[in-house]
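Inspection log for the structure reproduced underneath, given as structure tokens.
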There are 2 protein chains.
Amino acid sequence: MKLTEAKQQFISSWGAFGTHWGINRTMAQIHALLLVSADPMTQDDIMQDLTISRGNTNMNIRELINWGLVDRVIVTGERKEFFAAEKDIWKVVRQIVKERKKRELEPMLKLLDQLEEVEGDKRDKNIKSFVETVTGIKRLGKQADKTLDMMIRADENWFLGSLMKLFK
Amino acid sequence: MKLTEAKQQFISSWGAFGTHWGINRTMAQIHALLLVSADPMTQDDIMQDLTISRGNTNMNIRELINWGLVDRVIVTGERKEFFAAEKDIWKVVRQIVKERKKRELEPMLKLLDQLEEVEGDKRDKNIKSFVETVTGIKRLGKQADKTLDMMIRADENWFLGSLMKLFK
DNA sequence: TAAATGTTTCAAAAAGTTTTGAAAATTCAA
DNA sequence: TTGAATTTTCAAAACTTTTTGAAACATTTA
């Protein structure tokens, strides 16, 4: 397979993959493009490569920067802004985990805390069933929260090393 | 907070939560409703509780059954089919991980294997950058694949216990 | 067997999301 | 300053996904 074709394939699959994870196709494609390109690219480069509009490009680059997956790069002697993806894939994963934990897991845990304190007789079958489910989810959620925290703080080798020992 | 209100809240948040994870709102809401209800419910119960159409209800119940998150329950003396959610939340998580791994992670790893074998001079900056990125992703992906396999096979206590030891 | 009850399908409508592109805003060099 | 280059915004259009509901299908009961 030729490089150009391989890049195309990677970009298109990464885009499809992203849509399963709540990331829109274009955002994932721009990320993919920057991941496999040797040098930083301008907005116009990206537009042309992916044949998407200026607005769409701009919007999604900004979103990628928000997620901490892409950085603005200043190239001396150039007026235009350049963009580059974080290439250390382990950092990328940690970054995504960190953001999603904050945006999704933490609010859910806060809600579960409230719901656990539903009024009424705990012997009532309906209340019992509700509280048990909520407590179960909360327990697992809190555990996941802690585990992810460790993972975010951890260094790649430490993490891989520990898992290898644990799961061998 | 009253039980009815608490249930409402739970169902609506679980629905919103689900949409971040590639599960549609209704599917997540039906799942939530069944999770917190003490007894199995019929399609008509669910329709009425969530005020959604018959077709929508049917479609999403079937999808939940496909995912292994909901079971048909036979109630003796009743003509209608009843449905109940798997209440062991740890089983639910394992089930979801298993499905998504199969549908998403595994095909991606297969593709990366192919892409790694791009033609051309490995000293070329562009090829080098591409191969390095792909290799990096593959390495992490393979590791994740293994780890998830262990997790799917593992028993709750074993998993929590090991993690507790590891991450304390 | 026919009627009644229950389940599934699917085309069309509604709702939700993403993309476009032109105009506005900003930045920078002269 | 001015104006050319660049970036950002946002309303409308295109596209995608979800939902509806009526009709078809299936199963049970009498």
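Chain A is the first sequence line, chain B the second, and so forth, proteins listed ahead of strands; every chain is numbered from 1. Nothing here was measured: the structure is a model prediction, and the numbers come from that model.
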In whole angstrom, what separates [X]'s [atom1] from [N]'s [atom2]?
X: A/I61; N: D/dT9; atom1: CD1; atom2: C1'; result: 15 Å
X: B/R72; N: C/dT7; atom1: CZ; atom2: P; result: 9 Å
X: A/L64; N: C/dT18; atom1: CG; atom2: P; result: 13 Å
X: A/R62; N: D/dT9; atom1: CZ; atom2: C1'; result: 8 Å
X: B/D44; N: C/dT5; atom1: CG; atom2: C1'; result: 10 Å
X: B/I46; N: C/dG6; atom1: CD1; atom2: P; result: 15 Å
X: A/Q43; N: C/dG21; atom1: CD; atom2: C1'; result: 13 Å
X: B/N56; N: D/dT20; atom1: CG; atom2: P; result: 5 Å

Polar contact flag, side-chain donor to acceptor under 3.5 angstrom, B/K7-B/S37: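 B/S37 and B/K7 do not have a side-chain donor-acceptor pair below 3.5 Å.
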
Beyond-backbone contact of A/D44 with A/K80, side-chain heavy atoms, under 4.5 angstrom: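 Answer yes - side chains close enough.
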
Return the nearest nucleotide to the side chain of A/I52; candidates are C/dT20, C/dT19, D/dT19.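 Out of C/dT20, C/dT19, D/dT19, the nucleotide with an atom closest to A/I52's side chain is C/dT20.
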
Check every strand shown and say whether A/R25 touches a base, only sugar-phosphate, or nothing at a heavy-atom separation below 4.0 Å.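 Nothing: the residue A/R25, judged by heavy atoms under 4.0 Å, touches no strand.
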
Checking all strands, does A/E81 fall into the base, sugar-phosphate, or nothing category for heavy-atom contacts under 4.0 angstrom?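 Touches sugar-phosphate only.
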
Whichever of A/G55 and B/K80 has its nearest DNA chain C nucleotide further upstream toward 5':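 It is B/K80 whose nearest nucleotide is closer to the 5' end.
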
With a cut-off of less than 4.0 Å, is there a side-chain N or O of [X] near OP1 or OP2 of [N]?
X: B/N24; N: C/dG16; value: no
X: B/T26; N: D/dT18; value: no
X: B/T42; N: C/dG6; value: no
X: A/R54; N: D/dT9; value: no

Ignoring hydrogens, what is the shortest heavy-atom contact between A/V73 and A/P40? Give both atom names and the distance.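 In terms of heavy atoms, the two residues are closest at CG1-CG, 4.2 Å.
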
Does B/R79 get its side chain close enough to the base of D/dT27, under 3.5 Å, for a donor-acceptor pair?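 Side chain to base: pair present.
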
Which sits closer to the 5' end of DNA chain D, A/N58 or B/M27, going by the nucleotide each is nearest to?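 Looking at the nearest nucleotide for each, A/N58 comes out on the 5' side.
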
Cationic N near anionic O, under 4.0 Å, B/E104 to B/R100: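 Salt bridge between B/E104 and B/R100, a charged N being under 4.0 Å from a carboxylate O: yes.
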
If you draw a 6.0 Å radius around NZ in A/K91, do more than 12 non-hydrogen atoms from other residues or ligands fall strictly inside?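 Counting neighbours around NZ of A/K91, 12 or fewer heavy atoms of other residues, nucleotides or ligands fall under 6.0 Å, so no.
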
